[in-house]
Amino acid sequence: ADDTDITAPTYVSNTSSNFKVNAGSAVKLQLLVPGETAVPGSTSTGKTGSVSTQTVGTQFAVTVNLTDNNWNKITNPAPNPEVLVTTTDTTDVHPLQAPLSSGTRTFNVKFQQAGSWTITASDNDGDSVTYVVYTSPSITTNVGSAVKLQIIAPGETSAPGFTSSTGITGSATAQVA
């Protein structure tokens, strides 16, 4: 500490020894998507960076952390919550629900449609302690490289994102020549 008021009496500066500050109680989940980095001790979003654009059909990793109110990671929760990661892409490949390990876990996500999607991490273990759900900012997902030619007959509709061999719904209707 320093005496900065420049009036008598003046005091000698002094610095304390190091001391440890522990995280508070576990309160919420934090979801980090590609392009984001955790900022422990923050009182706003708890992270920095810009969300990276993704490509349809390309798997990417997201990280879920258990944190206190100030985004400090809780490394020894008892017990670790079971987390479910879902997205707004109705054709995506959801990762399986899994427990955090030491307050964190990486999940793999793969969007199947071009668009703008969000990802949500929620505490899904059903016990009496429930942590605040976290939803990501929108993630722009662009189409991948062209790999097929799709022919759609009358009565059929293109079904982007579905991994069936045809990517088509409906049935072709008979036509008169």
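Quick note: residue numbers are just sequence positions, from 1.
When all heavy atoms are compared, the tightest approach of Val33 to Ser136 is CG1-CB, 3.9 Å. The nearest pair of heavy atoms linking Asp125 to Asn80 is OD2-O, 4.4 Å. Taking both residues in full, the closest heavy atoms of Val143 and Ala114 are given as CG1-CB, 3.6 Å, listed atom of the first, atom of the second, then distance. Among all heavy-atom pairs drawn from Asp68 and Gly24, the shortest one is OD2-N, 2.8 Å. In terms of heavy atoms, Gln112 sits closest to Gly57 at OE1-CA, 4.0 Å. The two residues Ala121 and Leu29 have their closest heavy-atom pair at O-CD1, 3.8 Å.
A donor atom on one side chain and an acceptor atom on the other are not found under 3.5 Å apart for Ser122 and Thr120. There is a side-chain donor-acceptor pair under 3.5 Å between Gln113 and Thr91. Glu82 and Asn124 share no side-chain donor-acceptor pair at under 3.5 Å.
Considering OG1 of Thr173 and CD of Glu156, their distance stands at 8.5 Å, rounded to 0.5 Å. Rounded to the nearest 0.5 angstrom, Lys28 NZ and Ile74 CD1 are separated by 11.0 Å. Interatomic distance, Leu66 CG to Ser25 OG, rounded to the nearest 0.5 Å: 10.5 Å.
Judged purely by atom type and a 3.5 angstrom limit, Asp123 has no side-chain atom pairing as donor or acceptor with the backbone of Pro81. Looking at Ser138, its side chain never comes within 3.5 Å of a backbone N or O of Ser116 through a donor-acceptor pair.
Evaluation of the salt bridge (charged side-chain N to carboxylate O under 4.0 Å, His left out) rule for Lys110 yields no partner, not counting sequence neighbours.
Here the side chains of Pro137 and Lys47 are in contact, with some heavy-atom distance below 4.5 Å. Residues Arg105 and Pro99 form a side-chain contact, since some pair of their non-hydrogen atoms from C-beta on lies under 4.5 Å apart. Residues Ser102 and Lys73 are not in side-chain contact: their nearest non-hydrogen atoms beyond the backbone lie 4.5 Å or more apart. A heavy-atom distance below 4.5 Å is found between the side chains of Asn142 and Thr53.
Under the 4.5 Å side-chain contact rule for hydrophobic residues, Val56 and Ile139 do not share a cluster. Val62 and Tyr131 fall within the same hydrophobic cluster, where Ile, Leu, Val, Met, Phe, Trp and Tyr residues are linked whenever their side-chain heavy atoms come under 4.5 Å apart, directly or through other members. Phe107 and Leu84 end up in different hydrophobic clusters when Ile, Leu, Val, Met, Phe, Trp and Tyr side chains are linked at under 4.5 Å. Cluster annotation: Phe111 is connected to Val51 through the hydrophobic network of ILVMFWY side chains, with a link wherever side-chain heavy atoms come within less than 4.5 Å.
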Subject >> Stepwise side-chain contact (heavy atoms from CB on, under 4.5 Å) check, Val85 with Ile119 >> reply: CA-CA 7 Å; Val85 173; Ile119 303 172; 3.5 Å; yes
Original post:
Yes or no on side-chain contact (heavy atoms from CB on, under 4.5 Å) for Phe60 and Asn108, after CA distance, side-chain angles and deciding distance?
Top reply: CA-CA 6 Å; Phe60 60 95; Asn108 291 317; over 6 Å; no
Subject >> Evaluation steps, side-chain hydrogen bond (donor to acceptor under 3.5 Å, both in side chains), between Gln54 and Ser52 >> reply: CA-CA 6 Å; Gln54 298 301 312; Ser52 300; 5.0 Å; no
Subject >> Pair Thr87-Asp92, side-chain hydrogen bond (donor to acceptor under 3.5 Å, both in side chains): steps then yes or no >> reply: CA-CA 7 Å; Thr87 78; Asp92 78 331; 2.7 Å; yes
**OP:** Please assess Val83 against Leu100 for the test side-chain contact (heavy atoms from CB on, under 4.5 Å), listing each intermediate value before the final yes or no.
**Re:** CA-CA 7 Å; Val83 173; Leu100 299 184; 3.7 Å; yes
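For the pairing with Asn65, the side chain to side chain donor-acceptor pair (under 3.5 Å) check across Thr104, Asn72, Thr75 returns one residue only, Thr104.
Note on ring orientation: taking the six-membered ring where Trp is involved, the planes of Trp71 and Tyr134 are perpendicular (angle over 60°, cut-offs 30° and 60°).
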